Amino acid sequence: MVNPLRFLFPFVVVGLVWQTMALSGLFPERLFPNLQTIAAALLRLVESGIVFVHAYQTLLRLLLGTLLGATLGILMGLLMGTNKRVEDLLSPWVSIFAPIPGLAYAPLFMLWFGLGNVSIIVLVGFVTFFPIVLNTWAGVKGVKELWIRSARALGASEQVIFRKVIFPAALPHILTGLRLGLAQGWRILVAAEMLAAVPWGLGWLIFGAREFMNTDIMLAGIAVIGLTG
């Protein structure tokens, strides 16, 4: 069982350091607000309900983008793992594009799909696709050949082998890919919302607050992003 005091200790230390810096006068209060000011800004966002609207729009984009990336990633990963020709054809492309940071694609996607939700959702799907396809591919390739041969010796068809042997054995890798893809999609989503000129979203909440030097709103938005993540 996790000790609550041990869990909260790092946050208490960071809070004390932040409060000390804020009250020291080294930085203007408008640029480095204290914890009470940040908490008051967060409370205003919650009481007005506006933070829930921003969070809802962000999570909806994340869900749609992840569904897109997961569907394509799992299907392609299964094909690459079970079909040698597909693997030889697609593995070089996946290996080339996977290491490129997702934010590098953002300007291109916004040129192709325009500003707004479509470009963000497609970008999130594209970014989540790579960890999912790589982990699914690795999971299928990692299935023990002995299990497959044993199933064939017992008279199982290829469809049964896939459903009863390959897919269950690869499932832990697929779930790992989904977790990694979701994390990468979440990070790129908040950044993309700042660029795509959408009217709602946690990323846009922070970016809009910057225009008016509302540092307390920016930090409250960052706190909401951390809690949501």
Side-chain angles (χ1 to χ4, degrees), residues 2 55 58-109 112-113 117-152 156-193 195-196 201-203 225-229:
V2 179
T58 295
L59 291 175
L60 182 60
R61 295 183 188 113
L62 179 67
L63 174 62
L64 294 175
T66 303
L67 284 175
L68 176 63
T71 301
L72 297 176
I74 292 174
L75 289 176
M76 188 173 292
L78 293 173
L79 284 173
M80 290 172 64
T82 55
N83 190 306
K84 182 63 175 174
R85 290 183 179 179
V86 175
E87 180 183 23
D88 292 340
L89 177 65
L90 297 180
S91 59
W93 295 101
V94 173
S95 300
I96 289 171
F97 288 108
I100 300 175
L103 197 58
Y105 297 106
L108 184 62
F109 277 58
W112 285 348
F113 302 102
N117 287 323
V118 175
S119 60
I120 297 176
I121 292 169
V122 175
L123 179 61
V124 171
F126 186 78
V127 170
T128 58
F129 166 82
F130 289 105
I132 294 172
V133 70
L134 288 171
N135 278 274
T136 303
W137 177 25
V140 175
K141 298 297 287 187
V143 178
K144 293 182 179 179
E145 186 64 27
L146 177 62
W147 298 349
I148 299 175
R149 289 202 305 266
S150 299
R152 286 195 181 120
S157 65
E158 293 301 318
Q159 291 81 3
V160 172
I161 291 174
F162 176 80
R163 288 189 293 106
K164 299 292 186 180
V165 179
I166 295 177
F167 186 78
L171 190 57
H173 287 80
I174 295 173
L175 294 176
T176 299
L178 288 170
R179 180 172 58 84
L180 295 173
L182 188 64
Q184 290 193 20
W186 175 248
R187 287 192 291 268
I188 193 66
L189 170 61
V190 174
E193 286 181 338
L195 301 174
L202 294 174
I225 290 172
L227 291 171
T228 306

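Just so it is clear, the model here is predicted, and its values are computed rather than measured. Counting from 1, the numbers follow the sequence of the chain as shown.
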Of all heavy-atom pairs between [X] and [Y], which one has the smallest distance, and what is that distance?
X: Ala170; Y: Val140; answer: CB-N, 3.7 Å
X: Phe109; Y: Ser119; answer: O-CB, 3.9 Å
X: Val165; Y: Ala151; answer: CG2-CB, 4.1 Å
X: Lys141; Y: Gly81; answer: CD-O, 3.7 Å
X: Pro92; Y: Asp88; answer: CD-O, 3.4 Å

Flag side-chain contact, heavy atom, 4.5 Å: [X] against [Y]:
X: Leu59; Y: Leu202; answer: no
X: Phe167; Y: Ile174; answer: yes
X: Val124; Y: Arg61; answer: no
X: Leu182; Y: Leu178; answer: no

Query raised in the report: Would a distance-only check, ignoring hydrogens and angles, find a side-chain to backbone donor-acceptor pair under 3.5 Å from Thr128 to Gly125?
Result: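 At least one qualifying donor-acceptor pair exists.
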Query raised in the report: Is there a donor-acceptor contact under 3.5 Å from the side chain of Asn83 to the main chain of Leu79?
Result: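 Not confirmed, Asn83 side chain does not pair with Leu79 backbone.
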Query raised in the report: What pairs of residues pass the salt bridge (Lys or Arg N to Asp or Glu O under 4.0 Å) test when at least one of them lies in residues 163-182, not counting sequence neighbours?
Result: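 Applying salt bridge (Lys or Arg N to Asp or Glu O under 4.0 Å) to every pair that reaches into residues 163-182, excluding sequence neighbours, yields nothing.
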**Report entry** Residue pair Met76, Phe129: steps toward the side-chain contact (heavy atoms from CB on, under 4.5 Å) verdict
**Finding:** CA-CA 9 Å; Met76 188 173 292; Phe129 166 82; 3.4 Å; yes
Report task. Quick one: list whatever passes side chain to side chain contact (heavy atoms under 4.5 Å, CB included) with Leu103, sequence neighbours left out. Result ->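 Listed in chain order: Ala106, Ile188, Ala191, Leu195.
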Query raised in the report: Of Leu189, Leu62, Leu64, which is the lone residue that meets side-chain contact (heavy atoms from CB on, under 4.5 Å) with Ile120?
Result: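 Exactly one candidate clears the test, Leu189.
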Query raised in the report: What residue among Val127, Thr66, Ile132 forms side-chain contact (heavy atoms from CB on, under 4.5 Å) with Gln184?
Result: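 Going through Val127, Thr66, Ile132 one by one, the side-chain contact (heavy atoms from CB on, under 4.5 Å) with Gln184 is satisfied by Val127 alone.
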**Report entry** Pairwise side-chain hydrogen bond (donor to acceptor under 3.5 Å, both in side chains) hits with a residue in residues 89-105, at least two apart
**Finding:**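 Counting only pairs at least two positions apart or across chains, no side-chain hydrogen bond (donor to acceptor under 3.5 Å, both in side chains) contact touches residues 89-105.
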